[in-house]
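Treat the numbers as computed from the prediction; the structure is a model and nothing was measured. Labels below follow one simple rule: chain letters A, B, ... track the order of the sequence lines, proteins then strands, and each chain is numbered from 1.
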Number of protein chains: 6
Amino acid sequence: MVPHPPNEEHIDGQMVKMEVNLDDISGEWLGYVMDVLFEAGANDVFYTPIYMKKNRPGILLQLLCSKTSMEKMKEILLRETTTLGIRYYPLTVHRMERNFKKVQTDWGAVTVKQGISNGEVFQSSPEFEDCKEIAKRMNVPLKKVYEQVWQALAENRKSN
Amino acid sequence: MVPHPPNEEHIDGQMVKMEVNLDDISGEWLGYVMDVLFEAGANDVFYTPIYMKKNRPGILLQLLCSKTSMEKMKEILLRETTTLGIRYYPLTVHRMERNFKKVQTDWGAVTVKQGISNGEVFQSSPEFEDCKEIAKRMNVPLKKVYEQVWQALAENRKSN
Amino acid sequence: MVPHPPNEEHIDGQMVKMEVNLDDISGEWLGYVMDVLFEAGANDVFYTPIYMKKNRPGILLQLLCSKTSMEKMKEILLRETTTLGIRYYPLTVHRMERNFKKVQTDWGAVTVKQGISNGEVFQSSPEFEDCKEIAKRMNVPLKKVYEQVWQALAENRKSN
Amino acid sequence: MVPHPPNEEHIDGQMVKMEVNLDDISGEWLGYVMDVLFEAGANDVFYTPIYMKKNRPGILLQLLCSKTSMEKMKEILLRETTTLGIRYYPLTVHRMERNFKKVQTDWGAVTVKQGISNGEVFQSSPEFEDCKEIAKRMNVPLKKVYEQVWQALAENRKSN
Amino acid sequence: MVPHPPNEEHIDGQMVKMEVNLDDISGEWLGYVMDVLFEAGANDVFYTPIYMKKNRPGILLQLLCSKTSMEKMKEILLRETTTLGIRYYPLTVHRMERNFKKVQTDWGAVTVKQGISNGEVFQSSPEFEDCKEIAKRMNVPLKKVYEQVWQALAENRKSN
Amino acid sequence: MVPHPPNEEHIDGQMVKMEVNLDDISGEWLGYVMDVLFEAGANDVFYTPIYMKKNRPGILLQLLCSKTSMEKMKEILLRETTTLGIRYYPLTVHRMERNFKKVQTDWGAVTVKQGISNGEVFQSSPEFEDCKEIAKRMNVPLKKVYEQVWQALAENRKSN
């Protein structure tokens, strides 16, 4: 299998979703587990509040990863959570082409991530970390930074 | 203060809501805590999933009780949860008049709790425990038991 | 493949679930997206609150559709949400036979949807829109309309 | 008490929050109840999923209204839900000054609601219903309508 | 297929997840349904709050069972809930080896369930029902019972 | 008013809860807002998923602060969120005495926060940041760090 360039639009058939139900672990640990899983290469990790037996508020941990990294993820789940079982099933992911461009604000440049499908730009998302860095450094509201990025994007569209 | 008969419609100005945010306790313990609080006389106890700092899924415990039982509730919260603080504020409860009557199903009698305001019957709720007992004993779906109770209630209304 | 009559009990092996995680879109837009997806033929659309990285409250959008309408759904998700990826997996749906009958209330007829499996009626659900229309027109509580429908259903059962 | 003009910044000390816990009502009815309460003048109504006793997923209904409309709200809650009790407590609301202006998009005008405090514009929110109407009529994605509004707002800011 | 001993580590490829969306059933019934499904042999049952069409707060019921018990589960879902359709998909479960040992507390013995993978003990979970029984009988906080079990486990580790 | 030493048990009658309903802001921004509010001195900030009108999944932001910091919190909410109104009500907080001690693990010392009421130690909570630092530095599971702290606490209790 020849790998596609990672930012090109493609259908990925090598992904898996893993799930774990947890009712005997604290939120404190779960905040930590999410970070560890991301650092180890999980494509996504998220929690859902669930109602479990015996009136227990629990958490459903869901994790997306490639089949090749399943063993690593399983090991982390065993080491860092309280589970005795891990369930999983394959799924397909349609990923858009990603393109990165810079736009200017009064306070510096911000990267914008474009989502493209069949050559058409569907999304233009300011990179959160860039905007946050400016908001902190310049002591301006985050929403004002986003407003400037949206304005710059609009002007680019008009001049094209 | 002369107490009102407990099943009469009244405005209760002696209630309080207590709240605790919890991010370092398991769902297993929380299922237990709810039972202990109800047994100790809490008027109501319920949990809400909340998003806390550091990516932690937490639980907001809310508890309704009369001002006279606050100390008992506080002691249970300290003993049985992991909190270091308890917040509370007074609230008012408008309680409807409650009246209990029996209706017949093919499998035995079921208590129906009526909610009454200004002399008008607003609610007629089959008692869950009665219906459950019949469903278990007769091996019929719970919803069939409820259907029979609703039918009996409807016939009573027509013959009145 | 010969299609089955749509209201007959059958096992549908041509369905797919699509999922999208969203943390950069407002609830205002999501309310709109749900309507657009239903209008375009989605069998079901629903949202779950999820905990995403960096302390973000996000939404998991789940969508059920037939494999033949996947492309249309993908296009809407790209146009109307902020996602750069869509994941999906096949699933099977066991649908009950559906039968529609009319019952009479004091204020007019209401359609009841019956769910049938192996010839046995398992569910009898008053059609919400019918009941709502009566409640609005006659200015009666919605629950009183349902009560009348349940009563009519019970009388039908007895006279059979 | 002389009433303030409704769109001026002010502190409202005449508001109350009402709360009801519900475990014996369907989601179908709850969707309807929310509409009825808004039509009757509730300032806000929202639902929270809660964990109630006996493993029951329930709903906490919260409602904001002025003290003068409490009786009307109570009556609706009794008529349209299954509750036997309603709790409430006073609260204060600091409301910003609201100002409405029009901006132009390629497809027509959109109202923008401004939030103002101490004379400073803090928020500029495109009116959802205007944007939705355009998206439907012109068959364009809702987000493209918002983008045009944001651009027009930015240009207005620059030319001032 | 020769069955593995149930407490050995193994990969189970004969499992299925069933899902039902519910917006016309009360929490009272759902609490009951969960018990019925567990008693009939479901491996797990849990509820997630979901946002459904027409402003309805609904519940997603998820259920894990072996393929051989699917028919029984379907029948319960039809009898005890209001659904007209059930969806499902296969999944794989990696279950850890389970080993049970006893540890002593001041108030009696408690079973500890160990989770083992590749011969290594990853989890040691005090059995909730044992701890609860002691807490009730001795009138001590549940967390004090767990503390004693953790201490006994720690001492065992040191003396090995 | 003479201030109490901050770690002594006391009843604080100068607290307020502020609440904002949000349906036109992204999760990305909300993750940021929480951090800003904590940095500005909020005692607690947490989010609850709520069901708002027009099928919108929204967020209820709740914030605890002293009355003296209300103005600062209001300003942040206006600058960083999209709200046009902020509601609030006073509440009382009963805070336990807090005491900090050090315990030894194989990998270094960990601070334990004790919760004390009427001179009795009710809680002993390992400081998360200490445990996390060790887990990262020594590359051991977080739960193994906690186990060692619990063991050290148990041994301290026995030797007293």
Could you work out, with side-chain contact (heavy atoms from CB on, under 4.5 Å) as the rule, every residue matching D:Q151, not counting sequence neighbours?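 Testing D:Q151 for side-chain contact (heavy atoms from CB on, under 4.5 Å), a comparison that skips the adjacent residues, returns A:A154, A:K158, D:E155.
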Which residues pass the side-chain contact (heavy atoms from CB on, under 4.5 Å) test with D:T83, sequence neighbours left out?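 With sequence neighbours excluded, D:T83 shows a side-chain contact (heavy atoms from CB on, under 4.5 Å) to D:V20, D:L22, D:L78, D:T81, D:I86, given in chain and number order.
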Nearest-0.5 Å distance that lies between atom CG in C:D35 and atom CG in D:L142: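 One gets 11.0 Å once the value is rounded to the nearest 0.5 Å.
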Could you tell me if the side chain of C:Y146 sits less than 4.5 Å from the side chain of D:E28, heavy atoms only?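 In short, these two side chains touch, coming nearer than 4.5 Å.
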Is D:V33 in contact with chain C via its backbone, its side chain, both, or neither, using a 4.5 Å heavy-atom distance?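 Neither the backbone nor the side chain of D:V33 comes within 4.5 Å of chain C.
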Using a heavy-atom cutoff of under 4.5 Å, enumerate the residues of residues 39-53 of chain C that contact chain D, numbered in order, or state 'none'.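 When heavy atoms of chain D are the reference, residues 39-53 of chain C contributes C:E39 within the under-4.5 Å range.
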Which residues, numbered in order, of residues 106-139 of chain C come under 4.5 angstrom of chain D by heavy-atom distance?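 If one takes a 4.5 Å heavy-atom cut-off, the residues of residues 106-139 of chain C near chain D are C:F128, C:K132, C:A135, C:K136, C:N139.
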Closest contact, heavy atoms only, C:R79 versus D:P141: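 What the structure gives for the nearest pair is O-CB, 3.4 Å.
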